[in-house]
Each structure stands twice: as C-alpha cells, then as structure tokens.
K.L.:
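This is the structure, below, for whatever I ask next.
Note that the numbering runs from 1 along the sequence shown for the chain.
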Amino acid sequence: MNGPLFSQDHTSEPLAESSDTPPDESSVPKYIFVTGGVVSSLGKGITASSLGRLLKARGLKVVNQKLDPYINVDPGTMNPFQHGEVFVTDDGGETDLDLGHYERFTGENLRRTSNVTSGSVYLSVIQKERRGDYLGDTVQVIPHITNEIKERIRRVASPEVDVVITEVGGTVGDIESLPFLEAIRQYGNEVGRDNVLFVHVTLVPYIATSEELKTKPTQHSVAELRSKGIHPDMIIVRSDRDIDESSRRKISLFCDVEERAVIAAPDARDIYEVPLVLHEGGLDDVVCDRLGLVTGPPNLEAWQAMVDKALAATEEVTVGIVGKYVELPDAYLSVAEALRHGAAAHGVKLDLRWIPSDELTGLLADSYLEDLDGVVVPGGFGYRGVEGKIQAIRFARENQVPYLGLCLGLQCAVIEFARGVLGHPEANSTEFDPSTPHPVIDLMSSQEDVEDMGGTMRLGLYAAKLAEGSIVRSLYDEELVYERHRHRWEVNNSYRQDLESAGMRLSGLSPDDNLVEYVELVDHPYFVATQAHPEFRSRPDNPHPLFAGLIGAAERKRRSRPVIVIDETEGANR
C-alpha cells in the first residue's frame, strides 16, 4: 500500500472539555515546565532535551512537549529563513525544530501532540464556539484558552509516562506567551505542587570592561516570572564561561531559589555534551529529589563514550550542503546533525560547507565543489536554486564524489540524470516547468485534480522495500524500512525503464511497486537518494545508515586524494 502508517488528518483531534476537578494523584505523572528569560535562543530546547536524556538514563519514561506562542497553526507554511526547518513526526505532524532536539537526545519518537501553537489552540476554541460547545458562554482567554492549553498538556501524559517535560517558547514578558504561562500556573495548582517543577533558563552575561559576570538580568527575569504567579524551583544559568560560586549564591539569595538548584550551564564543546555538564552540576539529582522520583544513578557510560569519541576525532572530511536557505543553518538543522552523527560514528570531524545553490551556475560552479569529499542536496520547495542543485549533482556524478539526495535531492538527481545521461536536456519536474516535454518528476495521477495542494502531500511515516544487492539494502540491512516523508512530487513511472536501462537503479519502491522511494547509481562509489527525510530519524548514539554510509564514502574519497609534497630545496612539486 502507499498509505502512511498514521492518520494524516491535519486538524487537531477533538479535545475533551477541561475539568476543574483535580485528577487522582496516584495516576498523575510528574510535570516539568521549562521557561526562559532575558533573551531568546538561550538553549531552552537543549536544556529540556538534556533533562529528558538524564531522566531516561535513570530508567524513567519521558515525553517532551513544546508550547509555541506564534499564531500559525503549525510551522508547515512558515519561511525557513524565519523559523528554521520543519520537523516531521511519524504521524505526519509538521512541528517546531525543537522536537528534533527532543527526539535526538531522548531517542523517543514523538507525536504531533508534542507541538502546541497558539494558532492551533485558538483555532480549536473558535471551532468549538461555532459548534455551540460552550453553550453560549462568552469565550475568553481565561478559562477557555487556558483550559485548551491544559488539555493539550494532559494529552501527552499517557499512563505509562513518568515525566512530561514541557518547554514554553519565547521569553517571559512576551505578550503572546502570557496565556501559556497562566495555563502552566493553573496546571501546577490542579495536579499539586509536589507533582510540578518549574525550571527557568536565563542569561548571566560577562561584561568585559568590568571583567564581571552580571546576575541582574537573571534577577529581573525571575521577578517578571514571579509576577505571573510562577515561582521557579530551579534556575539554569547560561553563560559563555563557568559561573563562580559567589554569582550562584547571589542568584540563590535574590531569586529565592535553593543554592544547589542554581545550575551552571556554560557553553559546551558539543551540544551532546550538555547532558553531561548538567549532570555534573547536579540537575537530575535536584529534579528527582524535588519531585520524589526514586531511581538509581543515571547510566551515562555509552553517552559519555559517544561524546568522547566525537571530541577526540582529528581527521576531517568535508561535506557540502547545497541549498537555498544556507544563510540560516537551522533551515537544515536535522541534516547537519545527522551528518555529525555519521562523522562521530566513523571517528572523524565534520568540516561542513554551506553552499548557496543560487550561486552554482555558470563557469564557476565547479569551483565551489572541487575540494568536497561529499555532497548533500536536502529537501525544499519552489524553483529558486534548483538549477544550482542540479549542477552540484552533475559534478558529484561525473567526478565520483559521494552524494546523498534527500527528497528534492532525489528529484533533482533524476532530472540531472535524464538530462546528462538519457539525453533529454529539457527534462524537468512539472513543479518547475509544467510544459516540459520530459516530465521525469510529476504529480501522482490521483493528485492532479486536487485543488487544495496541501491535501496532496505525503506526510509522515511510509514503508519502502529495498532491492536485494543494492547499496541501501546493505546499509539498512533490512528489506522493509520506514522513513518520514514531506513531499508532493514523485518519479514519473513512464520513465522508470529508461532510467534503469541507463544505469540508475531504482533500489527502493513502495510496497505496491507504484512509487519510487530510493535511487542509486550502479557505477559510482556512493550515489544514493531517497524521497524520504531520513535525517529526522538519526540519533547521535544511533546514526542513520544513509548518513553514516555517506561519511564512510567521503572518508575513503579523502584518503584517495593524491598527496602533494613541496620540495622546498627545488621549489617544485613531486
């Protein structure tokens, strides 16, 4: 079948009406709410992810959640330059990129319920009001919006979950965050303060002129949070250097937080080192004590070994990501992280090059690519930059440079092959040229008459069967694999025979053989592309095989380069 493994309904599931009656405390999991202050991008997502890893290492079942204040229903239509990548869950949720951090750190596959936006909350409340669900009540932020938010928090708290970690996006003081802060304040009262922990992430800047760490921004941020009725139990202090004891004592005193609950989080050498740094600072010990979680010490040996191996690497491989959003690396965050996972697994350092596809045209195109050990073309929508991506793929094909294509990267690979090998210079996708005489990439027939293009997208987890003897079969070591998708156009089945006859192997198909899921080149050291987004399922301690395979091939490419030795006595190369 071609269908996804999960429902692709893009509307929110019906929510039960919120009740003011507290639930039975014996069935209540523990809740941790992570807020942030002073400035954005402090690392609330990494903090929440690291805490999830530490608690999971103690044997607890953890689920992470993100509350986002923006009015969009989901980030699916948002510009990647503004928001970064859209992370896709198994059930087809288009979500905030922080869910990618949660999954990579905890190893847990999340659902669309782990991402809640103001837009989805207000949409659901308005739909209920239109249906008459509120029986004529005047609909207000309190209690209707806050009740809806609380219900979304309850939805992820299944009976087998021990701890729910919910990050509140934005910073304390943002007007759009107020309903979320009020909702979590109410939630703490409803489930009992013994079941709730408030963690505040804040900045302690270093002022070079006075050579001092300044705690005043943290004090003001905590005062602002307390004005909303939330008293933080812990403060995670972000800085570019270690926090001295006097600063921690000052924060403890002025913010009315136990001194051992002021946890320093200086910049780490690697983001996957952050759980180890926070554990060293006592984060998980304080959390377990405060919430009454009885566990043994965390088992972090494998995680420590993974981080040590990554930090010890000296040999480099250079891989270029060719895309149109490279000015904002967060637009390809999961791709970059998956490459780092593969590099760490091979014990090499990743020299990541961000190559703007717009500039890969004309005679100078190859100059951007000539020293690369590997090339990745990630997913995307729209025509801008496509020709540059095709040029990068041509270079990789002709020069035996390892290549990995993701989603649009597969489609561009098929277009390039049709042009350069099949001899169809006008071959294209109907997304970019509806009148192309050779539509090697096209909509499925069932999609052509659909007016709402959102209804034609393949979103979420789909199965594919891999051909015996193929590169992808050897990498996965499985015949049937499952990957997340987010795309609309497909390989045109009318060209499948021509492509295979010319040397492009269709190495993975949908279970009913109707859709091409993977392609590879027969006479190439590593030229693999997939319609899926395998980057979403890569983990630092379990790298995705396609990315590990690319790094392995890139490492071999680097080692095969001729070594040029300068004879300084003669000034000549030899």
K.L.:
Look at the aromatic rings of F33 and Y31 and report parallel, tilted or perpendicular, splitting at 30° and 60°.
P.N.:
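Parallel: the ring planes of F33 and Y31 meet at under 30°.
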K.L.:
Determine whether a donor-acceptor pair (N or O, by modelled atom type, separation under 3.5 Å) exists between the side chain of S239 and the backbone of P266.
P.N.:
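No: the side chain of S239 does not pair with the backbone of P266.
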K.L.:
Judged by modelled atom types alone, do E151 and N147 share a side-chain donor-acceptor pair under 3.5 Å?
P.N.:
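There is no such pair between these side chains.
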K.L.:
What I want to check is whether the side chains of N195 and K30 have a donor and an acceptor closer together than 3.5 Å.
P.N.:
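Yes, K30 and N195 have a side-chain donor paired with an acceptor closer than 3.5 Å.
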K.L.:
More than 12 foreign heavy atoms under 6.0 Å from NZ of K228: is that the case here?
P.N.:
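More than 12 within 6.0 Å, yes.
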K.L.:
For T209, check side-chain contact (heavy atoms from CB on, under 4.5 Å) against everything at least two apart and list the hits.
P.N.:
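Here the qualifying residues are I207.
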K.L.:
Keeping to residues at least two apart or across chains, list the side-chain hydrogen bond (donor to acceptor under 3.5 Å, both in side chains) pairs with something in residues 166-181.
P.N.:
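Every side-chain hydrogen bond (donor to acceptor under 3.5 Å, both in side chains) pair that includes a residue of residues 166-181, provided the two are not neighbours, is Q65-T166, Y102-E167, T171-D174.
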K.L.:
Over 60° means perpendicular and under 30° means parallel, so classify the ring planes of W303 and F105, tilted if in between.
P.N.:
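Taking W303 first and then F105, their aromatic rings sit tilted (interplane angle of 30° to 60°).
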K.L.:
Classify the ring geometry between W354 and Y332 as parallel (under 30°), tilted (30 to 60°) or perpendicular (over 60°).
P.N.:
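Judged by the thresholds at 30° and 60°, the geometry between W354 and Y332 is parallel.
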K.L.:
Taking atom types as modelled and ignoring hydrogens, do the side chains of D96 and H83 form a donor-acceptor contact shorter than 3.5 angstrom?
P.N.:
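H83 and D96 do have a side-chain donor-acceptor pair below 3.5 Å.
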K.L.:
Can E337 and S538 be counted as having a side-chain donor-acceptor contact under 3.5 angstrom?
P.N.:
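No pair is found: no donor N or O on one side chain lies under 3.5 Å from an acceptor on the other.
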K.L.:
With distance as the sole test, does R238 use its side chain to make a donor-acceptor pair with the main-chain N or O of L203 at under 3.5 Å?
P.N.:
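Answer holds: no.
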